[in-house]
Protein chains: 2
Amino acid sequence: MITIKEIANMLNVSTTTVSNVIHGKTKEVSPANVERIRKVLDEYDYMPNINARNLASNRSKIIGMVVKVNGKENPFKDQFFGELLGAVEDRVRSRGYNLMVYALNDVRQVQKFILSWNMDGLVTCGFVEGEISYLQERYKKPIVIIDDYDTNDLERCINIRLEDKKAAYEMTKYVIGCGHKKIAFLADNNVNLDHQRFLGYCQAMDEAGLFGSEENFLKICPGNRGEKNNLDELYEKSFAYTAIICSSDYYAAMLLNTFQDRGRKIPDDISITGFDDVEYASLVRPALTTVRQDIQEKGLVAVDMLVKMLEENPKDMETLVVLPTQMVIRDSVKRING
Amino acid sequence: MITIKEIANMLNVSTTTVSNVIHGKTKEVSPANVERIRKVLDEYDYMPNINARNLASNRSKIIGMVVKVNGKENPFKDQFFGELLGAVEDRVRSRGYNLMVYALNDVRQVQKFILSWNMDGLVTCGFVEGEISYLQERYKKPIVIIDDYDTNDLERCINIRLEDKKAAYEMTKYVIGCGHKKIAFLADNNVNLDHQRFLGYCQAMDEAGLFGSEENFLKICPGNRGEKNNLDELYEKSFAYTAIICSSDYYAAMLLNTFQDRGRKIPDDISITGFDDVEYASLVRPALTTVRQDIQEKGLVAVDMLVKMLEENPKDMETLVVLPTQMVIRDSVKRING
DNA sequence: TTGTAAGCGTTATCAT
DNA sequence: ATGATAACGCTTACAA
C-alpha cells in the first residue's frame with residue numbers, strides 16, 4: 001500500500017499538497033500538480049490508512065450499534081433486530097461512516113469499546129435509563145436511543161420510538177369492537193415500551209367499562225437457551241379469555257402454535273393479536289392481525305439524526321422522534337357476539 | 001481520557017514501563033512500579049487509543065463481515081443472515097476482536113474498506129468465485145468463505161459449507177419413500193449451493209428410476225422491493241406435481257401461503273419441503289418438513305478458523321469445513337399410495 | 001501555490 | 001529494570 005509520503009517523494013511535492021488533492025481541495029493546488037498527483041493516486045490505487053487518519057484528526061468515522069442482550073440469546077435471530085441492523089448498516093455506509101456492531105449486556109463494556117475506538121456516535125437499542133445515563137456521562141458524543149421511554153432530554157441524546165400506547169389502545173379497541181370482553185395482555189415484562197403498550201390496552205379497556213388491570217397481564221418467559229417457556233401455564237390461563245393482545249408477533253406466533261397444537265382453534269376458540277408485523281406475521285396461519293411498524297424507517301431515521309448532530313450540530317434539534325404505526329387486520333381475531 | 005504519556009509523567013517513569021504494565025509484562029517491571037502504575041491506570045480509568053495502537057503495531061483487531069447483497073434488499077431481514085451475524089459477533093468479541101459489518105454488492109468497495117482499516121481478517125457470505133479471488137489477490141490476510149462452492153484451495157482462504165448435495169438427496173429420497181413420483185425442485189437460481197442441492201435431488205430421482213432433470217426445476221423470482229414474485233406461474237405449474245422440494249424455508253413458506261390462499265390443501269393436495277429450519281419453519285402451518293442446519297455453529301466455526309489462522313498460522317490447516325445437516329420431519333409431506 | 005514540521009498515542013528497538 | 005527515541009501515516013497550523 002502506497003503512502004502519502006511516498007507519493008510526495010516520487011513527485012517532489014509536499015505531503016500537504018498530496019493530502020490536499022486527496023481531499024479535493026484543488027483550489028489550493030496548481031492544476032498541473034492536481035493532474036500529476038491524481039494520476040499516481042489512481043495508478044497505485046492509493047488507500048488511506050484510516051488508523052493514521054483517525055489518530056491525526058481525532059475522529060473515527062465509526063458509528064457503533066449496540067444492542068442489549070438479555071440472557072444468552074442471539075438478538076439478531078429476532079427479525080426485528082435483523083432488519084433494524086440492515087437498515088442502519090445501509091444508511092451508515094451511504095453517509096460515509098463505518099458500522100461496528102456489539103451485542104452486550106454490560107454497559108461498562110460498551111463504554112470501553114466506544115471510548116477506545118473513539119467512535120463518532122452510537123445507536124443503542126434495548127438499554128434502559130440507568131445504563132444510558134452511565135454511558136452519556138462518560139461518552140461525550142451523540143447517542144441515538146431506540147425504543148426507550150425512561151431516558152428523556154439527556155444532552156446529546158435522541159430518542160426514537162413508536163406510538164406504542166396509542167397503537168395498543170387502537171388494537172384493543174378494535175378487539176373490543178369485535179365483541180370481545182374478556183381480553184388479556186401478554187408481554188415478557190411490564191416496563192418501558194411493553195409498559196406503554198399495556199397502558200394503551202388498559203385505557204381502551206377502561207373506556208369500554210371493562211377491567212384493564214394487572215390481573216389480566218400475562219407474563220411470558222422469554223425462553224432462552226435451555227430455559228423453557230411457561231406455555232403450559234399460559235395455556236391454562238387462556239381459558240379465562242376470548243382474546244389476547246400480545247406485545248410482539250414473536251410471542252403471538254408462539255401462542256398460535258401452542259394453542260393449536262393442543263386443539264384450540266384460532267380465532268374460533270380464542271383470538272390473538274401481535275405487534276410489529278415482521279415477515280412471518282403474514283406467514284403463520286391464521287395470519288396475524290397486528291400492528292405494523294416500519295423497522296427500516298426506524299433504522300434510517302436513527303442514522304440520519306445521528307449524522308445530523310455530528311455534522312451540523314444544530315442548536316435547536318428535536319430530541320424525540322415518534323414514528324407512526326398502522327393496524328393490519330388479518331385473520332386471527334374473530335368477530336363474536338357481545 | 002488519560003494517555004500513557006501523561007501517566008508516565010505523573011509517576012516519573014517512562015512510557016515503556018507504563019506500556020509494559022498495561023500489557024501485563026510485569027516481569028520486566030519492579031513490583032513497586034507495577035503497583036503504582038496499576039493504581040493510576042485504575043483510578044483514571046485508562047482506555048487505550050486503539051487508533052494509535054493499530055497504527056503503531058500494524059494490526060487492527062478488526063474482523064470484517066461482508067455479505068453480498070443482490071438487488072436492493074436488506075439481507076439481515078432474512079433470519080439466516082441475522083442469526084449468522086449474531087453468532088459471528090459473539091465469537092469475534094469473545095476472541096478479543098471487533099466486528100465491522102458491510103452489506104455490499106461491489107467487491108471493489110469491499111476492498112477499499114478492508115485495506116483502509118487494515119482489517120485482520122474477513123468473513124464473507126454470498127460472494128462467488130470471481131469476486132473472492134479478486135479480493136484474495138489484493139488482500140493478503142485470511143478470508144473465510146461461507147457457502148461457496150466455486151472457490152477452492154485459494155491461499156489463506158477457508159471454505160465453510162453444508163452437505164448440501166447429500167441433504168437434498170436425503171430429503172428427496174424421503175419424499176420418494178412417501179410414495180411421491182412427480183416431484184419438482186424449486187430455487188431462485190441454479191448455481192453454487194442451490195445447484196448442489198439440485199444435484200442431490202437429481203441423484204435421488206435417478207436412483208429411483210424417476211426423472212431428475214432441469215425440466216423439473218422450478219425457478220422462483222426473489223421478489224425484491226417492488227418486483228413481483230412469479231407465484232401465479234408457479235401455481236399453475238405445481239399441478240403437474242405431488243411434491244416440491246424447496247431450496248429454502250423462505251420460499252417453502254411462500255408457496256405454502258400462496259397455494260393455501262388459492263384453495264389447495266397442503267399436504268393433502270401437494271407436499272412441500274424446506275431447507276434451513278429457520279425459526280418460522282415450525283411456526284407456519286402445516287409445520288415444514290425441512291433440512292436443519294446449525295447456523296449458530298456456522299458462525300462460530302467461521303470465526304474460530306479465522307482466529308486460528310491469525311494467531312497460530314498453522315501450516316497444515318484444513319481449508320474446508322463441511323457442517324452436517326439433519327432431516328426434520330414435520331407435517332408438510334403426505335404419505336401417499338405409490 | 002507550496003513546503004516545513006509538529007503532533008496524534010501507541011509500540012518497539014536499543015541502550016543503559 | 002528503566003528510559004530515550006524512532007516509527008507508524010496522516011492532518012494541519014504556519015511559514016515561505
Side-chain angles (χ1 to χ4, degrees), chain A residues 1-38 40-41 44-62 96 98 112-120, chain B residues 1-38 40-41 44-62 96 98 112-120:
Chain A
M1 298 240 302
I2 199 167
T3 68
I4 287 187
K5 194 191 270 183
E6 287 166 349
I7 295 179
N9 287 341
M10 278 172 62
L11 261 36
N12 276 313
V13 296
S14 73
T15 58
T16 310
T17 306
V18 178
S19 177
N20 278 333
V21 172
I22 288 169
H23 289 93
K25 301 181 186 170
T26 48
K27 294 172 198 161
E28 333 232 305
V29 183
S30 70
N33 269 340
V34 171
E35 174 86 3
R36 293 199 313 143
I37 292 170
R38 282 221 172 116
V40 175
L41 247 24
Y44 287 81
D45 211 6
Y46 169 79
M47 309 263 172
N49 178 322
I50 299 202
N51 285 304
R53 178 180 287 177
N54 290 347
L55 180 59
S57 61
N58 190 34
R59 47 157 187 57
S60 67
K61 288 284 178 178
I62 297 175
N98 301 270
K112 194 183 88 187
F113 291 125
I114 60 182
L115 290 180
S116 281
W117 282 101
N118 193 21
M119 294 185 187
D120 288 343
Chain B
M1 297 243 300
I2 199 167
T3 68
I4 287 186
K5 195 190 267 184
E6 286 166 351
I7 296 178
N9 286 342
M10 277 172 63
L11 262 35
N12 276 312
V13 296
S14 72
T15 60
T16 310
T17 305
V18 177
S19 177
N20 277 334
V21 172
I22 288 170
H23 289 91
K25 300 181 185 170
T26 47
K27 292 172 199 163
E28 332 231 307
V29 183
S30 70
N33 269 340
V34 171
E35 174 84 2
R36 293 196 317 142
I37 293 169
R38 282 221 172 114
V40 175
L41 247 24
Y44 288 81
D45 210 6
Y46 169 79
M47 308 266 171
N49 178 321
I50 300 201
N51 285 304
R53 179 179 284 178
N54 290 347
L55 179 58
S57 61
N58 191 34
R59 49 156 185 57
S60 66
K61 288 283 178 180
I62 297 175
N98 302 270
K112 193 183 88 187
F113 291 124
I114 59 183
L115 290 180
S116 282
W117 282 101
N118 193 20
M119 294 187 189
D120 288 342

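As the structure is a computational prediction, the values presented were derived from the model and not from experiment. So that the names make sense, note that chain A is the first sequence line, chain B the second, and so on, each numbered from 1.
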**Prompt:** Which nucleotide span of DNA chain D, 5' end to 3' end, has atoms closer than 4.0 Å to non-hydrogen atoms of chain B?
**Reply:** dA1(D) to dG9(D)

**Prompt:** When every nucleotide of nucleotides 9-16 of chain C is labelled 5' to 3' by its protein contacts under 4.0 Å (heavy atoms), B for base, S for sugar-phosphate only, - for none, what sequence of letters results?
**Reply:** BBSB----

**Message:** Run the side-chain contact (heavy atoms from CB on, under 4.5 Å) test against Asn49(B) and tell me which residues pass, sequence neighbours left out.
**Reply:** Leu55(A), Asn51(B), Ala52(B)

**With Ile114(A) via side-chain contact (heavy atoms from CB on, under 4.5 Å) - residues at least two apart** = Val110(A), Met119(A), Leu122(A), Leu135(A), Tyr139(A)

**Matching residue for Tyr46(B) among Thr3(B), Ile2(B), Val40(B), Val18(B) - test: side-chain contact (heavy atoms from CB on, under 4.5 Å)** = Ile2(B)

**Request:** Would you confirm whether Asp120(B), through its side chain, and Lys61(B), through its main-chain N or O, come within 3.5 Å as a donor-acceptor pair?
**Result:** yes

**Asked** Which angle, to the nearest 10 degrees, lies between the helix axes at the two ends of the helix from dT1(C)-dA16(D) to dT16(C)-dA1(D), each defined by five pairs?
**Response** 40°

**Fill in**
Separation between CD1 (Ile50(A)) and OG (Ser116(B)), nearest 0.5 Å, reads 4.0 Å

**Prompt:** Could you give all pairs that pass the side-chain hydrogen bond (donor to acceptor under 3.5 Å, both in side chains) test and reach residues 4-16 of chain B, with sequence neighbours left out?
**Reply:** Ser14(B)-Thr17(B)

**Asked** Can you tell me how far the CD1 atom of Ile62(B) sits from the CG atom of Asn54(B), to the nearest 0.5 Å?
**Response** 6.5 Å

**Complete:** The ring pair (Phe, Tyr, Trp, His ring centres under 6.0 Å) partners of Phe113(A) (sequence neighbours excluded) come to Tyr102(A)

**Item:** Sugar-phosphate, base or nothing in reach of Asn12(A), heavy atoms under 4.0 Å
**Value:** sugar-phosphate

**Message:** Distance check, rounded to the nearest 0.5 Å: Ile37(B) atom CD1 versus Leu41(B) atom CG?
**Reply:** 8.0 Å

**Message:** Once side-chain hydrogen bond (donor to acceptor under 3.5 Å, both in side chains) is applied, what residue pairs with a partner in residues 24-38 of chain A remain, sequence neighbours excluded?
**Reply:** Asn33(A)-Arg36(A)

**Asked** Looking at DNA chain D, which of residues 26-34 of chain A put a heavy atom within less than 4.0 Å of it?
**Response** none

